[in-house]
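Data block below; observations after.
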Amino acid sequence: MSRLFEPTSVGSIALSNRIAMAPLTRNRSPGAVPNDLNVEYYRQRATAGLIISEGTAITHQAQGYADVPGLYKSEAIDGWKTVTDAVHQAGGKIVTQIWHVGRISHTSLQPNDGKPVAPSSIAAKSKTYVLNADGSGAFVETSEPRALETAELAGIIEDYRKAARAAVVAGFDGVEIHAANGYLLEQFMRSNSNQRTDQYGGSIENRIRLTLEVVEAVTKEIGADKTGIRISPTTPANDVSDPDPKAVYTALVEALAKYDLAFVHVIEGATGGARDVLPFDWKALKAAYRDAGGKGAWIVNNGYDRASAIEAVDSGYADLVAFGRPFIANPDLVRRLKEDTALNPLDQATLYGGGAEGYITYPALA
Ligand SMILES: C=C(C(=O)O)c1ccccc1
């Protein structure tokens with residue numbers, strides 16, 4: 001049997017197998033508070049070696065989509081506690097993805113209907129999900145952001161630290177810092193969205209600075225053994241780009257190597273899309289991390305199937321493989337991969353927003 005189904009650990013978190021559930025936004029937590037539907041959804045998927053929860057806003061300012069959960073209200077922490085308890089009682093492990101959307105937001109979702117914040121006042125050619133007056137959801141153009149003042153960045157780093165602490169209080173086994181998919185931290189790393197002239201803009205060293213300061217704050221608060229990070233070197237998601245992703249992300253992983261993180265989670269290619277969106281040597285990126293002393297588990301994601309996941313792990317390249325949409329449609333994905341059985345088809349119409357349908361209604365094998 002493949003090592004994909006064997007136990008392992010990421011940091012201090014012991015896992016029953018090497019299959020992770022990737023973070024998946026589902027827009028089913030009104031008021032940013034996790035609810036019983038969320039409890040059932042995550043409980044059903046607790047056979048994953050590691051569940052990485054959907055992106056969870058660290059503050060109101062960090063909120064970019066309607067009905068995504070947060071970690072900045074006491075009732076949200078209570079709500080998450082019911083989720084983590086259910087997953088743990090079912091024998092699973094779960095970390096939460098702590099998230100600041102930056103410019104991928106809308107004034108109607110921001111404190112005092114203000115502008116979203118970003119490294120520079122450059123609007124993303126992207127959309128976000130808001131609620132209409134009648135409660136229906138709709139994807140609309142993201143609003144033009146304002147550039148963060150240098151003096152505001154210490155406060156945002158503190159927000160990540162507080163969210164990491166809140167995650168542990170809510171019973172999570174750890175956190176994944178969301179530094180991917182064109183959200184705040186990646187907006188700072190990519191040169192088309194970051195045109196700052198202070199110590200957070202210009203050179204690669206300056207553009208990865210905020211991400212490293214967040215990693216420093218979170219690992220100091222809850223321990224590197226409970227801290228992971230997600231990166232997406234070549235994704236065009238949310239209108240980010242950079243002329244030299246190899247240089248940016250090699251510098252990043254070499255700097256991350258000294259933090260002894262639990263894991264580094266890499267989206268290989270366009271998020272949920274083409275793996276070859278840009279030429280990139282994924283194995284060289286991991287080698288750069290290991291050569292710099294990085295010991296964290298290497299989690300790979302994007303377009304893997306049973307055969308390629310087994311190959312990735314059994315070859316020694318990947319420590320874990322994360323699956324996104326397959327876990328939406330197959331709560332018992334681990335069993336189906338182990339037994340090589342058919343997978344349920346995905347219902348695109350119920351991915352975002354709504355209720356039980358297409359969320360907790362996918363059947364498990366008898
Ligand atoms: C958190 C997300 C990401 O990381 O891409 C997301 C948000 C909205 C829809 C899909 C995905």
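If you read the sequence from its start, that first residue is 1, and numbering goes on from there. All values below were derived from every heavy atom in this structure, side-chain atoms included, with hydrogens, water molecules and symmetry-related copies excluded. Both counts, for ligands and for their atoms, begin at 1 and track the order of listing.
Every residue meeting the side chain to side chain donor-acceptor pair (under 3.5 Å) condition with D347, not counting sequence neighbours, appears here in chain and number order: T350. For S193, there are no side chain to side chain donor-acceptor pair (under 3.5 Å) partners at least two apart in sequence or on another chain.
Both tests pass for R275 against the ring of Y304: distance under 6.0 Å to the centre and angle within 45° of the axis.
Pairs engaging residues 325-356 under the ring-ring contact (aromatic ring centres under 6.0 Å, His included) rule: F139-Y352 [sequence neighbours left out].
The closest donor-acceptor contact from the side chain of R103 to the backbone of T142 lies at 3.5 Å or more, if one exists at all.
Ring-plane geometry between Y65 and W99 is classed as parallel, the angle between the planes falling under 30 degrees on a 0 to 90 degree scale with a further cut at 60.
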Quick check on ligand 1: any N or O pairs to the protein under 3.5 Å? One line per pair.
unit_1   : atom_1 : unit_2 : atom_2 : d
ligand 1 : 4 (O)  : H178   : NE2    : 2.8
ligand 1 : 4 (O)  : N181   : ND2    : 2.8
ligand 1 : 5 (O)  : N181   : ND2    : 3.1

